[in-house]
2 protein chains.
Amino acid sequence: MPNQSSSTLPNDGALMTISEVAQRCDIATSALRFYEQRGLIFSTRTSGNQRRYHSSMVRRISVIKVAQSLGLSLEQIAAALATLPKQRTPTQEDWQRLSQLWHDDLQQRIEQMQRLRDNLGGCIGCGCLSLKRCQLMNPDDSAAGAGAGPRYLLD
Amino acid sequence: MPNQSSSTLPNDGALMTISEVAQRCDIATSALRFYEQRGLIFSTRTSGNQRRYHSSMVRRISVIKVAQSLGLSLEQIAAALATLPKQRTPTQEDWQRLSQLWHDDLQQRIEQMQRLRDNLGGCIGCGCLSLKRCQLMNPDDSAAGAGAGPRYLLD
DNA sequence: GCTTGACTTAAAGTTAACTTCAACTTTTAT
DNA sequence: ATAAAAGTTGAAGTTAACTTTAAGTCAAGC
């Protein structure tokens with residue numbers, strides 16, 4: 001894909017103002033300042049102290065939004081972003097590596113939800129009065145369960 | 001299954017104290033009072049004003065916890081619980097109907113997560129600078145997209 | 001060169017879902 | 001009968017993720 005031109009992205013290489021980035025990423029400027037305060041993003045300043053963003057920040061912010069929609073906290077996201085190279089703009093491979101991390105996490109969460117989906121009726125409707133001991137609510141302790149398949153422990 | 005006996009459940013038909021319920025459901029007593037305040041659960045009172053719970057409350061609370069793990073807010077859960085019969089203890093069918101509601105919701109959320117999982121690398125790594133226009137982030141507006149399969153809108 | 005819109009900061013406010021605290025009152029066990 | 005454990009209430013505190021507000025500063029267009 002050759003170089004692209006868009007309405008909210010200024011000429012190649014130019015820095016963006018906070019509201020340009022905000023519009024571009026569909027996020028509030030207050031959220032951008034907040035993210036910066038939390039160390040998730042950064043910017044340079046004009047002589048008059050206004051923020052200016054490198055265009056690569058747009059991707060970074062997009063990634064933050066995807067990660068959030070996966071249910072990650074800003075703290076977790078910040079930790080992941082911290083693994084990106086500080087001194088150069090992240091490459092596609094850098095981003096891929098990051099996404100692989102989340103892919104695995106996501107996979108597990110999907111599996112848990114599928115278990116929940118498939119047993120929701122059985123679990124809610126069954127005589128199982130204590131979810132504390134129900135496999136569905138405790139996917140971690142697989143020790144007790146012998147064999148596969150759903151299992152709702154009755155008292 | 002015949003009648004059961006457990007350490008935290010008193011004789012059949014007896015009312016439970018708040019800490020018995022708390023232990024049984026693996027939840028804090030403060031949370032139970034909070035739920036009652038929000039109308040999710042209820043109890044009777046002793047002459048001395050202490051709460052006593054009908055054993056069916058245990059299932060109700062378990063359902064609240066499952067629903068929470070599905071990502072529903074207490075408000076949404078309260079709305080669902082409000083559809084249960086007020087004057088009698090909910091039957092298995094009542095609970096089944098409720099779980100069916102959540103099953104469908106869960107199914108959609110799983111599908112969205114799967115899309116996200118399958119395209120995470122592509123989306124994050126691709127030239128798509130604006131998730132605002134990326135199908136992945138906007139599963140709602142399927143209008144623009146013709147045909148199936150992943151789609152990351154490049155600028 | 002001046003007005004207007006965009007920006008800046010720090011601090012306080014917001015919502016969800018609880019927890020903690022303080023000051024009492026009930027129950028239960030001995 | 002009484003001491004300790006358990007329960008009650010209302011109010012304030014907590015965390016996440018922001019938003020809103022106030023009081024001012026910067027940048028851009030005419």
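Chain letters run A, B, ... following the sequence lines, proteins first, then strands; residues in each count from 1.
Taking atom CD1 of A:Ile27 as the reference point, atom P of D:dC18 lies 7 Å away to the nearest angstrom. Look at CG on B:Leu15: it is 16 Å from C1' on D:dG7, rounded to the nearest Å. Rounded to whole Å, atom P of D:dA16 lies 14 Å from atom CG of A:Leu72. Distance CE (B:Met16) to P (D:dA6): 15 Å, rounded to an integer number of Å. One can place CD of A:Glu20 at 18 Å from P of C:dG5, the figure rounded to the nearest angstrom. Atom CG in A:Asn49 sits about 10 Å away from atom P in C:dA10, given to the nearest Å.
Contact annotation: B:Thr17 reaches the phosphate of D:dG7 (side-chain N/O to OP1 or OP2, under 4.0 Å). Within the 4.0 Å cut-off from OP1 or OP2 of D:dA27, at least one side-chain nitrogen or oxygen of A:Thr46 is found.
Nucleic acid contact for A:Ser47: none, since no nucleic acid atom lies under 4.0 Å from a heavy atom of the residue. Across all strands, B:Ser19 comes closer than 4.0 Å only to sugar-phosphate atoms, never to a base (heavy-atom distances).
In this structure, A:Met57 CE and A:Thr44 OG1 are separated by 9.5 Å, a value rounded to the nearest 0.5 Å.
For A:Phe34 and B:Arg33, each mapped to the nucleotide of DNA chain D holding its nearest heavy atom, the one lying further toward the 5' end belongs to B:Arg33. Closest-nucleotide positions on DNA chain C for B:Leu32 and A:Arg51 were compared, and the one nearer the 5' end corresponds to A:Arg51. Position along DNA chain C of the nearest nucleotide to B:Ala31 versus A:Thr29 favours A:Thr29 as the more 5'-ward residue.
Side-chain polar atoms of B:Gln92 and B:Gln96 form no donor-acceptor pair below 3.5 angstrom.
Residues from residues 35-45 of chain B with heavy atoms under 4.0 angstrom of DNA chain C, sorted by number: B:Tyr35. Applying a 4.0 Å cut-off to non-hydrogen atoms, none of the residues of residues 73-84 of chain A approaches DNA chain C.
Judged purely by atom type and a 3.5 angstrom limit, B:Thr29 has no side-chain atom pairing as donor or acceptor with the backbone of B:Ser19. Judged purely by atom type and a 3.5 angstrom limit, B:Ser43 has no side-chain atom pairing as donor or acceptor with the backbone of B:Tyr53. In this structure a side-chain-to-backbone donor-acceptor pair under 3.5 Å is missing from B:Lys65 to B:Ile27.
Residue B:Leu40 is tested with B:Leu32, B:Val63, B:Ile61, B:Ile77 for a side-chain contact (heavy atoms from CB on, under 4.5 Å); the sole match is B:Ile77.
B:Glu75 CD: 12 or fewer foreign heavy atoms inside a 6.0 Å radius.
Here the nucleotide nearest the side chain of B:Gln50, chosen from C:dT27, C:dT9, D:dT19, is C:dT27.
Closest non-hydrogen pair, B:Val58 versus B:Arg24, comes out as CG1-CG, 3.8 Å.
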- Message: Go through it in stages, so that I can follow the logic: the residues are B:Ile64 and B:Leu81, the test is side chain to side chain contact (heavy atoms under 4.5 Å, CB included), and I'd like the CA-CA distance, side-chain angles, deciding distance and then a yes or no.
- Response: CA-CA 9 Å; B:Ile64 292 171; B:Leu81 290 176; 3.8 Å; yes
